Amino acid sequence: MSFASSLIISPNVEISPSIFGFLDSVRDGSQILDSSRFFSRNRAANLMNKKQKRVNHSHSIELKYPILCQGGYGSVIAASMVANPAGEMAVSAEEKVYNVVMKQAALVKRQLRTAGELDVKPDIVLPGTLSLLNEAYDRCGEVCAEYAKTFYLGTMLMTPERQKAIWAIYVWCRRTDELVDGPNASHITPSALDRWEARLEDLFQGRPFDMLDAALADTVTKFPVDIQPFKDMIEGMRMDLRKSRYKNFDELYLYCYYVAGTVGLMSVPVMGVAPDSQASTESVYNAALALGIANQLTNILRDVGEDARRGRIYLPQDELAQAGLSDEDIFAGRVTDKWRNFMKNQIKRARLFFDEAEKGVLELNKASRWPVWASLLLYRQILDEIEANDYNNFTKRAYVSKAKKLLALPMAYARSLLSP
């Protein structure tokens, strides 16, 4: 499972259940309560306390921020078909993702028509709650700064309203991923995820459960963010509970959308589009999706060995068979010519999605580009490192050195200054 890039988020940091505050209700089966819990200072303090070291799991949550492209929905399908040796598409999966993309794009366009431009709505809060809301956003910023240092640095260029909103989205996504990939994953059942989804619906209705939820509840009142990508991310968690193999790339594509592409769709309304952009709204979301898919495919290729030790194989079964490989080869960790050839095709596919995402990066609001460029440049380098390791992703973890990261940051910043 994955959310934000392990280059951006330390792979060795664990979020304590006390910070994320959901395991108590999971264990005792209690229902999600109303917003009064948000206004409890004692509960808010408890949520901030314990910090533990993070277990190194194969697909830690990583925020996949969006990049724009010019190709529209068809270009995503084309990229999948070109990269898929079988040349087959699961139309229902593609249509499902397409419908979500179009719904979110329509939501943004509708607000643009009514407001003239994508402005942030003013705060509407009850007397005495503004300080608590600011405290909630500050806490989200602290979590982002601690566990996503590079990305947090990039958000410093954004307007305060967009900055806080991105922090709130980041924290919700991380909490969601921790349910199935964190240290307490053994306590999580499908019914627990159902309660988490009910809690999400309450949040969107203005009934947050705790202070971290309250930050996101405020965010979704200010920006045209649709609930569906959030619900789809929870569906990705359900897939991880019931599924450890993927028949073909179409199944894997849908999984990558659920756990990573969704984050881009959540984030575009907050990050905004450059005023002088000529790109269509649909192409903006198409590219956001492409970057999420690219990053998740990279996670999968980097973590083959770690996933195998957990009994999971996030690789298309039909393509493994076509390459003359089986699950046993992966569990044995044999780097053969067959494996190298298979990996070359998988890396080629991931790069196609990165290329698709990169086409429209400059269409983003100028202040929002730096963290996106940093994510793209740093994550794409992981594929280079897999090649440098002679495709041994069984016993060697491909990572980008600190020196290369430091070189990438000014490059990302320079690219963020260019005009569409």
Side-chain angles (χ1 to χ4, degrees), residues 1-23 25-26 47 51-65 140 143-144 146-148 151-152 166-190 192-197 199-200 203 209-210 212-213 215-216 227-244 252 254-267 291-293 295-300 302-303 306-307 310 312 314 375 379:
M1 210 15 261
S2 178
F3 162 61
S5 133
S6 57
L7 292 174
I8 295 174
I9 297 177
S10 169
N12 299 311
V13 180
E14 177 182 328
I15 297 295
S16 165
S18 64
I19 294 178
F20 288 103
F22 181 63
L23 261 293
S25 64
V26 170
L47 289 169
K51 294 181 182 178
Q52 303 171 346
K53 292 294 182 182
R54 178 178 173 79
V55 173
N56 183 7
H57 56 74
S58 62
H59 294 295
S60 60
I61 300 183
E62 302 187 3
L63 197 57
K64 313 299 187 303
Y65 280 95
C140 289
V143 173
C144 188
E146 185 169 358
Y147 301 107
F151 183 80
Y152 178 80
I166 286 296
W167 295 343
I169 291 172
Y170 168 86
V171 168
W172 185 88
C173 290
R174 188 175 184 101
R175 297 172 84 184
T176 300
D177 188 79
E178 284 292 310
L179 293 176
V180 297
D181 266 349
N184 295 286
S186 60
H187 296 286
I188 299 300
T189 63
L193 291 177
D194 291 343
R195 292 197 295 275
W196 184 250
E197 184 168 350
R199 173 170 168 167
L200 171 71
L203 182 161
F209 177 75
D210 60 25
L212 298 179
D213 280 356
L216 184 58
I227 194 174
Q228 193 59 49
F230 293 83
K231 297 180 76 168
D232 284 346
M233 176 173 276
I234 296 173
E235 183 60 29
M237 306 304 115
R238 292 190 180 100
M239 287 182 72
D240 262 330
L241 290 183
R242 66 175 184 260
K243 201 173 176 68
S244 61
L252 187 62
L254 187 59
Y255 172 75
C256 290
Y257 159 71
Y258 281 144
V259 301
T262 49
V263 188
L265 303 188
M266 299 171 193
S267 306
L291 182 60
I293 299 295
N295 284 355
Q296 184 61 23
L297 290 175
T298 300
N299 281 343
I300 288 169
R302 178 194 62 198
D303 298 335
E306 295 178 28
D307 287 335
R310 298 167 63 220
R312 296 183 172 275
Y314 292 92
S375 173
Y379 236 73

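Note that the coordinates shown come from a computational prediction; the quantities given were computed from them, not determined experimentally.
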Verdict with reasoning, Phe151 to Ser375, per side chain to side chain contact (heavy atoms under 4.5 Å, CB included): CA-CA 8 Å; Phe151 183 80; Ser375 173; 5.8 Å; no

Close side-chain approach of Arg175 to Asp213, heavy-atom, < 4.5 Å: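 Arg175 vs Asp213: side chains touch.
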
Heavy-atom side-chain contact between Leu216 and Val171 under 4.5 Å: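 When only atoms from C-beta onward are counted, Val171 and Leu216 do not touch, as no gap falls below 4.5 Å.
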
Between [X] and [Y], which heavy-atom pair has the shortest distance, and what is it?
{"X": "Ser267", "Y": "Val263", "value": "OG-O, 2.7 Å"}
{"X": "Cys140", "Y": "Ala215", "value": "SG-CB, 3.8 Å"}
{"X": "Ile300", "Y": "Cys256", "value": "CD1-SG, 4.0 Å"}

As an exercise, state the distance from [atom1] of [X] to [atom2] of [Y], rounded to the nearest 0.5 Å.
{"X": "Ile227", "Y": "Asp232", "atom1": "CD1", "atom2": "CG", "result": "10.5 Å"}
{"X": "Ile169", "Y": "Ile166", "atom1": "CD1", "atom2": "CD1", "result": "4.5 Å"}
{"X": "Gln296", "Y": "Tyr379", "atom1": "CD", "atom2": "OH", "result": "7.5 Å"}
{"X": "Trp167", "Y": "Leu212", "atom1": "CH2", "atom2": "CG", "result": "13.5 Å"}
{"X": "Met233", "Y": "Thr176", "atom1": "CE", "atom2": "OG1", "result": "6.5 Å"}
{"X": "Leu193", "Y": "Leu241", "atom1": "CG", "atom2": "CG", "result": "5.5 Å"}

Aromatic ring pairing Trp172/Trp196, orientation class (parallel under 30°, perpendicular over 60°, tilted between):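 Rings of Trp172 and Trp196: parallel, as their planes differ by under 30°.
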
CA sep, side-chain torsions, deciding dist, call: Phe230, Leu203, side chain to side chain contact (heavy atoms under 4.5 Å, CB included): CA-CA 11 Å; Phe230 293 83; Leu203 182 161; over 6 Å; no

Sidechain-backbone polar pair: Arg312 side chain, Glu306 backbone, donor-acceptor under 3.5 Å: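 No, Arg312 side chain to Glu306 backbone: no donor-acceptor pair under 3.5 Å.
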
Side chain to side chain contact (heavy atoms under 4.5 Å, CB included) assessment of Tyr170 paired with Tyr152: CA-CA 10 Å; Tyr170 168 86; Tyr152 178 80; over 6 Å; no

Lys/Arg N to Asp/Glu carboxylate O, Arg310 vs Asp240, below 4.0 Å: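 Salt bridge: no.
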
Residues Met237, Val259; criterion side chain to side chain contact (heavy atoms under 4.5 Å, CB included); working and verdict: CA-CA 8 Å; Met237 306 304 115; Val259 301; 4.1 Å; yes

CA sep, side-chain torsions, deciding dist, call: Glu235, Arg238, salt bridge (Lys or Arg N to Asp or Glu O under 4.0 Å): CA-CA 5 Å; Glu235 183 60 29; Arg238 292 190 180 100; 3.1 Å; yes

